[in-house]
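Worksheet for the structure shown next.
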Amino acid sequence: MTRRWGPAAGEVAVALLAALGFTVWGLSVDNSPLTRVGQISGLSNLQLRFAFLVLVVLAVVGWVTVRGTARVRRLTTRLAAAAVAGLTTGFLGAGQVFALRGTPWPLNGPFGDNNRILGWGEEVLHTGAMDGFYPPAVPYLLGYAAKLGLFDGQPAFAFKWVFIAFVALTGPAAYLFWRMCLKPLPALAVGLLPALQQTLPHKPYSPFVLVLLLPLIAKLLMWLRASPRFTPRGTVLRGGFLGLLFGLLFLVYSGWHLWSLPGVLVAVLFFYPWRTGRLRGLLFLGSSLLGFLLVAGVYLRVLLGATSTRDQWCSGYTLTEPAYIGTTPLTGLAWDEPGEYPGVGEFSGLHMYAVIVLIGLGFAVALGLRKAVVVAPLACFGSAWLIRFWLAGHMEADQQVQLFPRTMIQIQVTLTALTVLACVVAAQRLAPVLKRLWTGDRPDARRFTALGVLLAMALAGGMIGSFFSNQYLPTHPDEQLAGTLAWRAHQFRKPNGDCPKYADQGKCKAFPERTYVEQPVEVDRMVCEFPWRKARRDGSIVVKLLTRP
C-alpha cells in the first residue's frame, strides 16, 4: 500500500510546496511595484529565482536519467513534473504578491464584482449565511476566515490571499487531476498549458474550476466504460467520489458545469456500457449524482430558483463577432474597430492561435476519438460553442446577455487541451518507432524525453507567468490596462488608518466601514458600449464610447 500511495502523496506534497513556497518567496522582492524600473527589476528577480529552482530540478532529472534505475527514474519524473507544475503558477502567485506589495486590499479593491462578493462575505461573517444565488464557496471562505479572527476580521483582506492562493494552486491542481487519467509528462502538458492560457488573477476561481472539470469528466467517462469490471461496492465508491468532487467545484463556480452539461450527456451515452453492464453503469451514474447532490444539492435548488434573474452587462466582449476564438485582450484600448479583437485577419480572418488549435482539434479527433481524455474536452467545447450562439442569438429579443461571452474561456481552454492531447496521442503512436531510433542496438541507452518536456514546460511557464504578472502590475487608470486593478488596491487605507506605501502621491481613500451588495438595475433595453480607437493626425489616440441603442 505504501509503495502504491507513497509516490502519489509525494507528488501532491511537492506540487503544493513548490507553488505555495514560491508564492511566499515573492514577499521578499523589495522593488517598487509602481515604477516601471521597479517592476522590471521585480519581475527579473522572480525569473532568477524561478530559473534557479528549475535548474535544480533538471539537474536531478538528468543525473537520475544517466545513473538511476528504472524505478528511480519513474519516481523522479513524477516528482519533477509535480514541481514544475507548482513552480509555474507559483510564479503567478508571487507576481500577485509583488503587485500588491504594501497593501492589504485585493485586486480592484472594493470595486466591481469584488463589491458583491465582499458583501456576501460580510453577510456570512455577521449572520452565518448569505442571501444570493452566487456560488457560495468563496463568500463563505471569506466570511469564516474573518469570523475566525484572521486578516483583522475583514473579509476584504482575506480576499487578497484567497485569490493569490487560487492563482498559485491552479497548476498543481490541474496537474494532479489530469494524473488521474494520464502519465506524469502528458498530465503536465495538458494540465498546465490551458491553465496558464486563461490566467485571471482578479477572478482566479473561475478558470481554476474549468481546468479541473475537464480531467474530472474524462475520469467519469473512463470509469463509466470500465464499470462492468468493478464490484458493486467499488462502483458506488468510485461514483460517489467523483460526484463529491463535481459538487465541490460546483460550489466554487457553477457556470462551466451548466455550459458543459449537454455535451457531457452525449458523451455519457457514447461511453455507457450498453452491452456488458447496463445495471452497473446505472449504479455508477446514480452514485455520482448522489455524491454531487449531497454536496451541492442545496445550492443547485437555489440556482434553479433564480432562473428569472437577468444579466444585462454588455461590454466589448459582448459585441465581438461571436465565432472569434483568438487571443483575449487585457486592455480597454485593444479593439481597433467596433467588434474586433487585435490580430484578426492573419489567415482569412482567423488569428494564428485559431489556426493552430483547429489543426490540433482535427488531429485529436482523428487519432483519439475513442479515448475519454479526448472526448471530455471535445464534449465541453461543442456544448459551449452551441450554447454561445444560442444565447447570443436571443440577446436582442430577450434584452439580456446571460454571461455568454464567458463561454469564450471554455472554448479556448478546451481547444488548447485538445491540441496538446493531439500531440500526446501522436507521440504515443510514434513511440515504438522512436524507441528503436533512439536505442538502436544499445538496450541500455537512456532517453532524455523527461528532461526535454520539463525544460519546455518550465520555460513556457516562466514566460507566460512573466507576461501575466506584468499585465497586472499597477498602472494608472488613464492607461486603461489590466494593471488598473492593482493600482486601485493601493488607494485605500489600511485598518490602522495609514495609507499603503505606494498610494498615489501618498494620499488614499478612507477605509470603507461597510461593504454592501450592489443590486443590478434592470432596464427595458440594454445599452452596449465599447472602446473605439481612432488616430488623430498628430498620432495621439482618442477613445470614444460608441453607443448602440
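Computed from a prediction, not measured in an experiment: that's the story for all the values here. Residue numbers start at 1 and run along the sequence shown.
- Considering only residues two or more places apart in sequence or on other chains, I359 meets the side chain to side chain contact (heavy atoms under 4.5 Å, CB included) condition with V355, F363.
- In this structure K219 satisfies the side chain to side chain donor-acceptor pair (under 3.5 Å) test with no other residue, sequence neighbours excluded.
- Among residues two or more places apart in sequence or in another chain, the side chain to side chain contact (heavy atoms under 4.5 Å, CB included) test is passed with A83 by V14, V57.
- Cation-pi contact between R238 and F230: present, with separation from the ring centre below 6.0 Å and deviation from the ring axis of at most 45°.
- Checking side-chain atoms of Q198 against main-chain N and O of Q412 turns up no donor-acceptor pair under 3.5 Å.
- Here F177 pairs with nothing under the ring-ring contact (aromatic ring centres under 6.0 Å, His included) rule; sequence neighbours left out.
- Taking the side chain as every heavy atom from C-beta outward, M457 and Y175 never approach each other to under 4.5 Å.
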(request) Quick one: do T23 and L92 satisfy side-chain contact (heavy atoms from CB on, under 4.5 Å)? Show the steps, please. (result) CA-CA 8 Å; T23 298; L92 290 166; over 6 Å; no
(request) Take L216 and L212 through the test side-chain contact (heavy atoms from CB on, under 4.5 Å) and record every step on the way to the result. (result) CA-CA 6 Å; L216 202 56; L212 302 191; over 6 Å; no
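- L451 places none of its side-chain heavy atoms less than 4.5 Å from the side chain of L455.
- Applying the side-chain contact (heavy atoms from CB on, under 4.5 Å) test between V375 and each of V264, L221, V266, V365 identifies L221 as the sole match.
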Could you list the donor-acceptor pairs under 3.5 angstrom formed by side chains in residues 461-470, with sequence neighbours left out?
unit_1: S469; atom_1: OG; unit_2: G465; atom_2: O; d: 2.8
unit_1: N470; atom_1: OD1; unit_2: R36; atom_2: NH1; d: 2.8
unit_1: N470; atom_1: OD1; unit_2: R36; atom_2: NH2; d: 2.9

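- Atoms CD1 and CG, from I164 and L169 in turn, are 11.5 Å apart once rounded to the nearest 0.5 Å.
- Looking at residues two or more places apart in sequence or on another chain, you find no ring-ring contact (aromatic ring centres under 6.0 Å, His included) involving F284.
- Annotation: F270, atom CZ; neighbour count of heavy atoms from other residues, nucleotides and ligands within 6.0 Å is above 12.
- Contact annotation: the side chain of L107 approaches that of Q96 to within less than 4.5 Å [non-hydrogen atoms, C-beta and beyond].
- Within a 6.0 Å sphere centred on NZ of K160, heavy atoms belonging to other residues, nucleotides or ligands number more than 12.
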(request) Apply side-chain contact (heavy atoms from CB on, under 4.5 Å) to the pair L224 and Y272, showing each step before the final yes or no. (result) CA-CA 6 Å; L224 175 62; Y272 194 83; 4.0 Å; yes
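- Distance CD/Q428 to CG/L421: 9.0 Å, rounded to 0.5 Å.
- A donor-acceptor distance shorter than 3.5 angstrom exists from the side chain of W274 to the backbone of L269, with no hydrogens or angles considered.
- Minimum heavy-atom separation, G360 to A422: O-CB, 3.5 Å.
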(message) Test side-chain contact (heavy atoms from CB on, under 4.5 Å) on T419 and L361; report intermediate values, then the result.
(response) CA-CA 6 Å; T419 301; L361 170 66; 5.9 Å; no
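- Residue A168 comes nearest to T89 through the heavy atom pair O-OG1, 2.7 Å, listed as atom of the first residue, atom of the second, then distance.
- Checking side-chain atoms of T414 against main-chain N and O of L378 turns up no donor-acceptor pair under 3.5 Å.
- Looking only at side-chain heavy atoms (C-beta outward), F22 and V97 stay at 4.5 Å or farther from each other.
- Heavy atoms only, all atoms of each residue included: W259 and Q402 are closest at CZ2-O, 4.3 Å.
- Taking each heavy atom of I411 and A384 in turn, the nearest pair found is CG1-CB, 4.1 Å.
- Put simply, the side chain of E11 reaches to within 4.5 Å of the side chain of L176, judged on heavy atoms.
- Taking the side chain as every heavy atom from C-beta outward, I409 and L200 approach each other to under 4.5 Å.
- Here V54 pairs with F50, L58, L87, A458 under the side chain to side chain contact (heavy atoms under 4.5 Å, CB included) rule; sequence neighbours left out.
- Annotation for A187 and L182: closest pair N-CB, 4.0 Å, computed over non-hydrogen atoms.
- Looking only at distances, no side-chain donor or acceptor of S383 sits under 3.5 Å from a matching main-chain atom of C380.
- Rounded to the nearest 0.5 Å, atoms CG (L279) and OG (S227) are 10.0 Å apart.
- What you find for A379 and G263 is that their closest heavy atoms are CB-O, 3.4 Å.
- The shortest side-chain heavy-atom distance between L290 and V236 does not fall under the 4.5 Å cut-off.
- Applying the ring pair (Phe, Tyr, Trp, His ring centres under 6.0 Å) definition to pairs two or more places apart or across chains, those involving residues 185-217 are F163-Y205, F166-F208, H202-Y472.
- Judged by distance alone, with hydrogens and angles left aside, the side-chain atoms of T76 form no donor-acceptor pair with the main-chain N or O of R73 at under 3.5 Å.
- T199 is not listed as a side-chain neighbour of T170, based on a closest heavy-atom distance of 4.5 Å or more.
- Under the salt bridge (charged side-chain N to carboxylate O under 4.0 Å, His left out) criterion, K203 pairs with D113, sequence neighbours left out.
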Quick one: side chains of residues 246-258, donor-acceptor pairs under 3.5 Å with protein atoms, not counting sequence neighbours, listed by atom name and distance.
unit_1: Y253; atom_1: OH; unit_2: R406; atom_2: NH1; d: 3.0
unit_1: S254; atom_1: OG; unit_2: Y299; atom_2: OH; d: 3.3
unit_1: W256; atom_1: NE1; unit_2: S206; atom_2: O; d: 2.7
unit_1: H257; atom_1: NE2; unit_2: F246; atom_2: O; d: 3.1

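- Atom CZ of R116 and atom CG of N114 lie 10.5 Å apart (nearest 0.5 Å).
- Rounding to the nearest 0.5 angstrom, the gap separating the CD atom in Q47 from the CZ atom in F91 is 4.0 Å.
- Atom CG of L285 sits about 10.5 Å away from atom OG1 of T235, to the nearest 0.5 Å.
- Not counting sequence neighbours, the partners of V56 by the side chain to side chain contact (heavy atoms under 4.5 Å, CB included) test are F52.
- For R225, there are no side chain to side chain donor-acceptor pair (under 3.5 Å) partners, not counting sequence neighbours.
- Using a distance-only test at 3.5 Å, with no hydrogens or angles considered, no donor-acceptor pair links the side chain of R388 to the main chain of L391.
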